[in-house]
**Student:** 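The structure that follows is given in the form of structure tokens.
Just so you know, ligand 1 is whichever comes first in the structure, and atom 1 is the first atom listed for that ligand.
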Amino acid sequence: MLKIISVFGTRPEAIKMAPLVSLLGSTEGIKSLTAVTAQHREMLDQVLTPFGIRPAYDLDLMRPRQTLTEITCRSLTGLEKIFQEAGPDLVLVHGDTTTTFAASLAAFYQGIPTGHVEAGLRTHRKDSPFPEEINRRLTGALADLHFAPTALARDNLLGEGVPPGSIYVTGNTVIDALKTTVREDFRFTEPRLLEIDFSRPVLLAEVHRRESWGAPLESICRALRRLVDELKLLLVFPVHRNPAVREPVERLLGGHPRILLLDPLDTATFHNLMHRCRLVLTDSGGIQEEAPSLGRPVLVLREVTERPEAVEAGTVQVVGTAEEAVFRAARRLILDPEAYQAMARAVNPYGDGRASTRIRDAILYHFGLIPTRPPDFTAGKRKPE
Ligand code: UD1
Ligand code: UDP
């Protein structure tokens, strides 16, 4: 039996690892375990329960307003014990969070091979996203197997001297997850969402990045409020539980009759809401990957993105965080049907819904359990399979 332990701790890692964990669990010859740091608590549990993931280990590390140092140190210490007890043949980590970096370092210290899911994304800027660009690069330096979602991510790794044989282009597992959640007949359980008339333009916003805390987040909020007021729109904004985000968002956007500030939504509700709204404004990484697949234009409220594929495909635009730039870009898309239609095409540069299968097969191939290397994912299909 090949023993694999998947480690994650935050909402996005859980959503993107869920399809893979489920597949590994049903694969003969693999014993699949999960360990969560719970760097996020409620937002992680919101994913674990509906996806039916029962972690073998739960470090329950989240503290209010935790610092990066605290979460790194406590993850490293906790995971050392878990790896000693579980004795895995492979540790799987995902993406760019503090949990990701700490888990790959803890595995390295014990000589356990690591597989990095969603490897190779880069802005080539150390400060943005902060600290995720560096978490991802450090994890790449420690990993033995690299599951790059796209050809561009593979090329980034090759450019850094990663051995070609250790890189597999798989697509992003977020598209696997999306395939299981979006339904035309999905019914919201949240009463305030049930009341929305989606035949009118609805804006969906989600903003939480550390590099935007303070003035940039405040200017984004002002732009959102102006859009709602001047264009008479409805804005739905599920607010991250981080107090550094909640406080300014509630102060600047709370109490408005056409602004719905909600608690973070469960994954299926959020995906179906995104499917029905007109325009998405976000600094989230995962949302930038999901919305193009649903044909929803995205304005990225950041200076740079490590996910340029959808920008090249024309469905995502990077607009920064300045109030005027955000306001003008969104107003144009709401008022100009041609500009909107040019962006509202379903494209799938990030995956075809089969990323988990490719990753599972790559692992089996690496350990000599199947004879052939899985073929790489190539973009181009218009709809997830
Ligand atoms: C982290 C990730 C970031 C990812 C984001 C996704 C790092 C360095 N950053 O952001 O890449 O985009 O998660 O959401 O790992 N909190 C709760 N309940 C929750 C979750 C968070 O109360 O379920 C509050 C706590 O006060 C916590 C704070 O949010 O201390 C910050 O959580 P943290 O994981 O440190 O968030 P970020 O680093 O901002
Ligand atoms: N998401 C969710 N509920 C919400 C907001 C977002 O389930 O209220 C999902 C979203 O669909 C995506 C993921 O959370 O799959 C992105 O996570 P986040 O934005 O926290 O992190 P990032 O992708 O920026 O690392």
**Student:** Which residue supplies the protein heavy atom nearest to atom 14 (O) of ligand 1, what is that atom called, and how far is it?
**Tutor:** His240 NE2, 2.7 Å

**Student:** Just going by heavy-atom distances, which of Thr99, Thr98, Asp283 is nearest to atom 8 (C) of ligand 1?
**Tutor:** Thr98

**Student:** Which bit of Pro129 is near ligand 1, meaning a heavy atom under 4.0 Å away: side chain, backbone, both or neither?
**Tutor:** neither

**Student:** May I ask you to say whether Arg136 pairs ionically with Asp96, meaning some side-chain N is under 4.0 Å from a carboxylate O?
**Tutor:** yes

**Student:** Honestly, is Arg373 close enough over Tyr168, meaning NZ or CZ under 6.0 Å from the six-membered ring centre and within 45° of the axis?
**Tutor:** yes

**Student:** For atom 23 (O) of ligand 1, which protein heavy atom lies nearest, and how many Å away is it?
**Tutor:** Met43 N, 2.8 Å

**Student:** Any side-chain donor-acceptor pair under 3.5 Å between Thr72 and Thr69?
**Tutor:** no

**Student:** For Leu68, take its heavy atoms, then give the atoms of ligand 1 lying under 4.0 Å from any of them.
**Tutor:** 8 (C)

**Student:** Can you establish whether the number of heavy atoms outside Phe186 located under 6.0 Å from its atom CZ is more than 12?
**Tutor:** yes

**Student:** Of all the non-hydrogen atoms in the protein, which one sits nearest to atom 34 (O) of ligand 1, and at what distance?
**Tutor:** Gln39 NE2, 2.9 Å

**Student:** So does Glu303 pair up with Arg125, basic N to acidic O under 4.0 Å?
**Tutor:** no

**Student:** Quick one, Arg225 with Glu323, criterion salt bridge (Lys or Arg N to Asp or Glu O under 4.0 Å). Give me CA distance, side-chain angles, the key distance, then yes/no.
**Tutor:** CA-CA 10 Å; Arg225 203 178 171 108; Glu323 178 182 339; over 6 Å; no

**Student:** With the threshold set at 4.0 Å, does a side-chain nitrogen-carboxylate oxygen contact exist between Asp155 and Arg122?
**Tutor:** no

**Student:** Between Arg358 and Asp352, is the closest basic N to carboxylate O distance under 4.0 Å?
**Tutor:** yes

**Student:** What are the atoms of ligand 1, with element, lying closer than 4.0 Å to any heavy atom of Arg41?
**Tutor:** 19 (C), 23 (O)

**Student:** Report yes or no: does a heavy atom of Gln46 sit under 4.0 Å from some atom of ligand 1?
**Tutor:** no

**Student:** Specify the closest pair of heavy atoms between Leu92 and Leu90, including all atoms of both residues, with the distance to one decimal.
**Tutor:** CD2-CD2, 3.9 Å

**Student:** Examine the proximity of ligand 1 to Pro264 and report which part, side chain or backbone, both or neither, has a heavy atom under 4.0 Å away.
**Tutor:** neither

**Student:** Heavy atoms under 4.0 Å from ligand 2: which residues qualify?
**Tutor:** Arg11, Pro12, Ile15, Glu206, His208, Arg209, Pro238, Pro264, Leu265, Thr267, Phe270, His271, Ser284, Gly285, Gly286, Ile287, Glu290

**Student:** Considering heavy atoms of the protein only, find what lies nearest to atom 19 (C) of ligand 1 and give residue, atom and distance to 0.1 Å.
**Tutor:** Glu42 OE1, 3.3 Å

**Student:** I'd like to check which ligand 1 atoms, numbered from 1 as shown, lie under 4.0 Å from a non-hydrogen atom of Glu132.
**Tutor:** 2 (C), 3 (C), 7 (C), 8 (C), 9 (N), 11 (O)

**Student:** Would Thr305 and Gln288 count as having a side-chain donor-acceptor pair, cut-off 3.5 Å?
**Tutor:** yes

**Student:** Taking only heavy atoms of Pro131, which atoms of ligand 1 are found under 4.0 Å from at least one of them?
**Tutor:** 8 (C)

**Student:** Look at Arg11 together with Glu206 and state whether they make a salt bridge at an N to O cut-off of under 4.0 Å.
**Tutor:** yes

**Student:** Would you please say whether a donor-acceptor pair under 3.5 Å links the side chains of Glu133 and Thr123?
**Tutor:** yes

**Student:** For atom 25 (C) of ligand 1, which of Gln66, Arg63, Arg11 has the closest heavy atom?
**Tutor:** Arg63

**Student:** Among Arg210, Glu70, His40, which one puts a heavy atom closest to atom 35 (O) of ligand 1?
**Tutor:** Arg210

**Student:** Among all protein non-hydrogen atoms, which one is nearest to atom 16 (N) of ligand 1, and what is the separation to 0.1 Å?
**Tutor:** Met62 SD, 3.6 Å

**Student:** Could you check whether Asp176 pairs with Arg354 (Lys NZ or Arg NE/NH1/NH2 to Asp/Glu carboxylate O, under 4.0 Å)?
**Tutor:** no

**Student:** Name the atoms and distances for all side-chain donor-acceptor pairs under 3.5 Å in residues 187-195, with sequence neighbours left out.
**Tutor:**
unit_1: Glu190; atom_1: OE2; unit_2: Arg192; atom_2: N; d: 3.2
unit_1: Glu190; atom_1: OE2; unit_2: Arg192; atom_2: NE; d: 3.0

**Student:** Can you tell me which residue and heavy atom of the protein come closest to atom 39 (O) of ligand 1, and the distance to 0.1 Å?
**Tutor:** Asn242 ND2, 3.4 Å

**Student:** Is a donor from one side chain sitting under 3.5 angstrom from an acceptor on the other, for Asp45 and His40?
**Tutor:** no

**Student:** Nearest to atom 26 (O) of ligand 1, what protein heavy atom do you find, and at what distance?
**Tutor:** Arg65 N, 3.0 Å

**Student:** Quick one: nearest non-hydrogen protein atom to atom 4 (C) of ligand 1, plus distance?
**Tutor:** His208 NE2, 4.0 Å

